[in-house]
Protein chains: 2
Amino acid sequence: MIFDMLDKRSKQVLQAVVQSYINNPEPVGSRYITKKYAVGCSPATIRNIMADLEDFGFLSQPHTSAGRVPTDKGYRFFVDSLGAMEESRAQSEMSKEFAQQFMIRLEAIKDDISMLFSEVTNTLSALSNYVSIALPPKPEKTTFNRIQLIKYRRNIIVAILLTDEGVFRNRSLTAPEGVTQDDLDRIADYINTEYAGLTLDEIKKTLVQRIKYEKVLWDKLVNKAIEICEQALYFAEDDVFVSGLYDVMDLPDFSDISHIKELSRAIRDKHMMLKLLEELSDAEGVKVVIGNENPIVNLKGLSVVTTTYKEGERPMGVIALIGPRRMDYSKAISMIDMVAHCVSRTLGG
Amino acid sequence: MIFDMLDKRSKQVLQAVVQSYINNPEPVGSRYITKKYAVGCSPATIRNIMADLEDFGFLSQPHTSAGRVPTDKGYRFFVDSLGAMEESRAQSEMSKEFAQQFMIRLEAIKDDISMLFSEVTNTLSALSNYVSIALPPKPEKTTFNRIQLIKYRRNIIVAILLTDEGVFRNRSLTAPEGVTQDDLDRIADYINTEYAGLTLDEIKKTLVQRIKYEKVLWDKLVNKAIEICEQALYFAEDDVFVSGLYDVMDLPDFSDISHIKELSRAIRDKHMMLKLLEELSDAEGVKVVIGNENPIVNLKGLSVVTTTYKEGERPMGVIALIGPRRMDYSKAISMIDMVAHCVSRTLGG
DNA sequence: ATTAGCACTCAAGGCGAGAGAGTGCTAATG
DNA sequence: CATTAGCACTCTCTCGCCTTGAGTGCTAAT
C-alpha cells in the first residue's frame, strides 16, 4: 500500500507541502516548511526528505532552483489520508447551523425539481468557489406518479409528467387528427392506473414492448398515445444544473483565460460529463478524481469531487464539484457531503 | 445633425477607420488607410483629416505615436450611417437560405417555449460569436389560454399555465386542507371560462381586485384558489435565456479575464439587464447602444444590440446581442433582425 | 488644397546585470 | 548515523537600457 512507503515524518512533510500549496499556489521550499509547520528539524533535513518524496513521485520541481509542487500522486496521498482521519470531517457548529438553514430553504422549494437543483448548485458553488454540477434523479430511479394529457390550441397535446420526486417534465406534441380531451383523459387514466409506482425506466421498457405486440389489437389512437407518453418520458440531456463558472474565475488558477475556456468546454460537453458522473454515481460516499486520473481530456488539469444523494438506500442522482487540482479537498468533501445529505433528506421525506 | 459636420471624404475616412478597427483591433494609421481603402489621396492628407476627426471627438489616440481608434461617438456615427444606407441590410442569398432552415427548426419546437428560446439564443450566438439574450413574451403581452390544476401527493397542487404562445410555466403550491381534485377542476373551469383571451397582466390585476371585494362573499376555498392562480402567474425573473459566453472568449477583446468577469457579472445581474432590455423593448426595429451610452456600469465597455419580436404589430419580447464595442454592427444587426423576424413569424402563425 | 520630407514621440522587444529564493552536496556535529 | 550548518550553484524574475519601427505633426514645396 502507498502509505507504507513513507515513514511518519515524510508523511507530515508531504501533507505540509500539499496543504501549503492548496493555501497558496506557489512552489513551497524547505525553509518555509520548517517555519510554518512544526516538523522539528532543519531545512536541510526537509530537503533530504523532499528529494526522497520527489523520487517516489509525490512531488516535483518546476525548475531546479524552485520549491516543490505536489504531483497528482501527491494529491492522491493527501486525499486518501484525509479519508483515514475521518474525524476531521465531523461537522463544525457553524456548518451544522448552515445545514439547518439550507434544509429549510430546500423544504420550501422541494416540489419544483428545477428550483431545487438550482438552489443546490448555487449554494454549493457559493460555498466552495468551485463549479458545481447536479444531475436530477435518473429516469430509472424516478418513480412515476401520474401523467396528465392536455389538449390545447389546434392540435397540440401537452403531457405533464409527475413523479414522486416533484414535477418533472412537460412536453408538447402534435396530436393526431380528431383526438378529443376525453380521449386523452381516458388514455391518461389507463396509464396512471397501469403504471403507478413503477420507475420511469421500467415504464419505458414496458411501453416499447406493448407497442410491439399489441400494435394490431389496439386502435390507432391508443398507439399514438403510447408514443406520446414515450416522448414525454424521454429525458432531455440538458437537464444538468451547473453553477459557479463565474466564481471560479476569481481563483488564481484560472487567471489564464485558456483554462477557463478549457473548463467551459468540458462543461459544455455534456455527454462526456454525464458519462463520467454516471460512472461514479454507483459509488458509496464521496469520490475524488484528481487531474490525470480523469478520463475526460478537457478535465485533465482539474479535479472532480462527486457524491450521490439517495432515497433511503437507493442512490438517486449525482452532485459534483469541479475545481483546480489544488482544490481544498477537505472543505470540498465536507461541503458536498453536507449538501448531499440535505438533498437526500429533502427528497426522501 | 451629426452628419453635417463632416464632408464626404471625412466620412469615408471615419468609416474606413471604424471598419478597419472592427476587422482587426489595432490602432489604424494614415498610411494603412490609403493602401487598403481607395480614398484617393496621400497619407499626409489623411493625417490632416484624422486630426480633424479627433478634434470632433470621433477618434482618439492611445498614445501620440499610434494610429487612431474610434470613440463611442465614432461608432455611433458608423452605426447611424449604416442605417442610412439601408440597402446594405438586404439579405444575401445565403442568409435567406439560412433563415428558411432556421424557420423549419423553430416550427418543430414552437410549442415548447423554453426549447424555442434556447434555440434562438444558441443560433444567434453561434452566428455572431457574441453573447445573445432573449426574453420570452412578457406577461402583459401574453394571452392566457387555460390553466390546469392538478392535485398530487399529500397536499401539493401543480398549476400548469398554458398560453397562446406555448406552455409557459408550472408551479407547485401547498394545498389547503381538504381540497379535492374535483374542487380544483371546478376552480380551473371557472377561471378558464372567465379569463380566456385576456393577457396575463390583465388577469393579474383583475384577480387582485376580486380578492379585495369578494373576500367576504366567496368561501375560503375559492379565495385560496385565486391565490394559487396568482402565484402561478407570477413570473420568475430567471426566465432569461443566455447563450454564447463561451464563444465570446475567443475574441481578442476578451483575452483579459477581467473583461470576461465584467461581462459575466453584468449578465448575472439580471435585474439590471431586464430593466435595460425592457426599456428598449418598446422601440421599433433594431436599437444599438454603444459603450458608455449604456446605463449599466458593468456594461460600459460593451455594446448592446436589441430588437423585439412581435405578434402582428404587438411587440412581445426582446432579443439582444452583447459584444465588444468594436462589434461587427452590420452583421449583428442583420443577424438579430433575421432571427427576430423568424421568431415573430413562428409565434404569430 | 495637397503632398513630400523630416524630426519627433512612444510602445515593444531584446539584452544583460543583479537580486533572491531555493537547491544539492559536503563536511562537521551530537 | 541521522542531522545540520555552510557554501557553491542554478534558475527565475525584474529592472533599466538600448534599439527598432510605426506613426505622427509640422513645414515647405507643388
Side-chain angles (χ1 to χ4, degrees), chain A residues 5-14 16-21 23-71 74 252-253 255-256, chain B residues 5-14 16-21 23-71 74 252-253 255-256:
Chain A
M5 302 171 67
L6 305 175
D7 59 30
K8 198 180 157 200
R9 201 173 52 187
S10 303
K11 288 181 193 172
Q12 266 183 38
V13 172
L14 178 50
V17 172
V18 175
Q19 188 61 59
S20 163
Y21 194 71
N23 295 338
N24 181 5
E26 270 161 28
V28 10
S30 54
R31 203 176 129 77
Y32 183 82
I33 286 193
T34 59
K35 283 217 165 178
K36 274 276 191 173
Y37 300 83
V39 202
C41 56
S42 76
T45 312
I46 302 290
R47 277 203 285 283
N48 289 330
I49 296 174
M50 280 170 129
D52 292 347
L53 288 172
E54 185 167 359
D55 288 342
F56 284 132
F58 292 110
L59 299 177
S60 74
Q61 272 180 307
H63 54 89
T64 27
S65 73
R68 299 306 205 292
V69 161
T71 60
D253 312 73
S255 59
D256 186 2
Chain B
M5 302 171 65
L6 305 175
D7 59 30
K8 197 179 157 199
R9 200 174 52 186
S10 301
K11 289 182 193 173
Q12 265 183 40
V13 172
L14 178 49
V17 172
V18 176
Q19 188 60 60
S20 163
Y21 193 72
N23 295 338
N24 182 7
E26 271 162 28
V28 9
S30 54
R31 203 178 130 76
Y32 183 81
I33 287 194
T34 58
K35 283 218 163 176
K36 273 277 190 170
Y37 300 83
V39 202
C41 56
S42 77
T45 312
I46 302 289
R47 276 203 287 281
N48 288 329
I49 296 175
M50 280 171 130
D52 291 346
L53 287 172
E54 186 169 358
D55 287 342
F56 285 132
F58 293 110
L59 298 178
S60 75
Q61 272 180 308
H63 54 89
T64 25
S65 73
R68 297 309 204 291
V69 161
T71 61
D253 311 73
S255 61
D256 186 1

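To find a chain, count down the sequence lines: A is the first, B the second, and so on, and within it residues start at 1.
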Would you kindly give the [atom1]-to-[atom2] distance between [X] and [N], to the nearest whole Å?
X	N	atom1	atom2	answer
Asn48(A)	dA2(D)	CG	C1'	10 Å
Ile33(A)	dG22(C)	CD1	C1'	12 Å
Met50(B)	dC26(D)	CE	P	15 Å
Arg47(A)	dA21(C)	CZ	P	14 Å
Lys36(A)	dG22(C)	NZ	P	14 Å
Asp52(B)	dT24(D)	CG	C1'	14 Å
Ile46(B)	dT24(D)	CD1	C1'	14 Å
Tyr32(B)	dT24(D)	OH	C1'	18 Å

>> Looking at dG16(D), which nucleotide sits across from it as a Watson-Crick or G-U wobble partner, both distances under 3.5 angstrom, or is there none?
In response: dC15(C)
> Using purine N1 to pyrimidine N3 plus N6-O4 or O6-N4 for Watson-Crick, or N1-O2 and O6-N3 for G-U wobble, each under 3.5 Å, what pairs with dT30(D)?
Replying inline: dA1(C)
>> Strictly below 4.0 Å: does Arg9(B) bring a side-chain N or O up to OP1 or OP2 of dT2(C)?
In response: yes
>> Measuring to OP1 and OP2 of dT2(C), would you say a side-chain N or O of Ser42(B) lies under 4.0 angstrom away?
In response: no
>> Side chain of Ala44(B) only, heavy atoms from C-beta on: which candidate in dG24(C), dT4(D), dA4(C) is closest?
In response: dA4(C)
> Does the Thr71(B) side chain pair with the main chain of Gly57(B), one donor and one acceptor, at a distance under 3.5 Å?
Replying inline: yes
> Is the backbone of Leu59(B) close enough, under 3.5 Å, to the side chain of Glu54(B) for a donor and an acceptor to pair up by distance?
Replying inline: no
> Can you find a pair of side-chain heavy atoms, one from Lys36(B) and one from Val28(B), that are under 4.5 Å apart?
Replying inline: no
> Which distance, rounded to the nearest 0.5 Å, do you find between the NZ of Lys11(B) and the CZ of Arg9(B)?
Replying inline: 14.0 Å
> Hey, mind stepping through Leu53(B) and Leu6(B) against side chain to side chain contact (heavy atoms under 4.5 Å, CB included) and telling me if it holds?
Replying inline: CA-CA 9 Å; Leu53(B) 287 172; Leu6(B) 305 175; 3.8 Å; yes
> Can you find a donor-acceptor N/O pair under 3.5 angstrom joining the side chain of Arg31(A) to the base of dG22(C)?
Replying inline: no
> Taking it one step at a time, do Tyr21(B) and Arg68(B) satisfy side chain to side chain contact (heavy atoms under 4.5 Å, CB included)?
Replying inline: CA-CA 9 Å; Tyr21(B) 193 72; Arg68(B) 297 309 204 291; over 6 Å; no
> Of the residues in residues 60-71 of chain B, which ones touch DNA chain D at a heavy-atom distance under 4.0 Å?
Replying inline: Gln61(B), Thr64(B), Ser65(B), Ala66(B), Gly67(B), Arg68(B)
>> Can a side-chain donor-acceptor contact be found between Asp7(B) and Ser10(B) if the only test is distance below 3.5 angstrom?
In response: yes
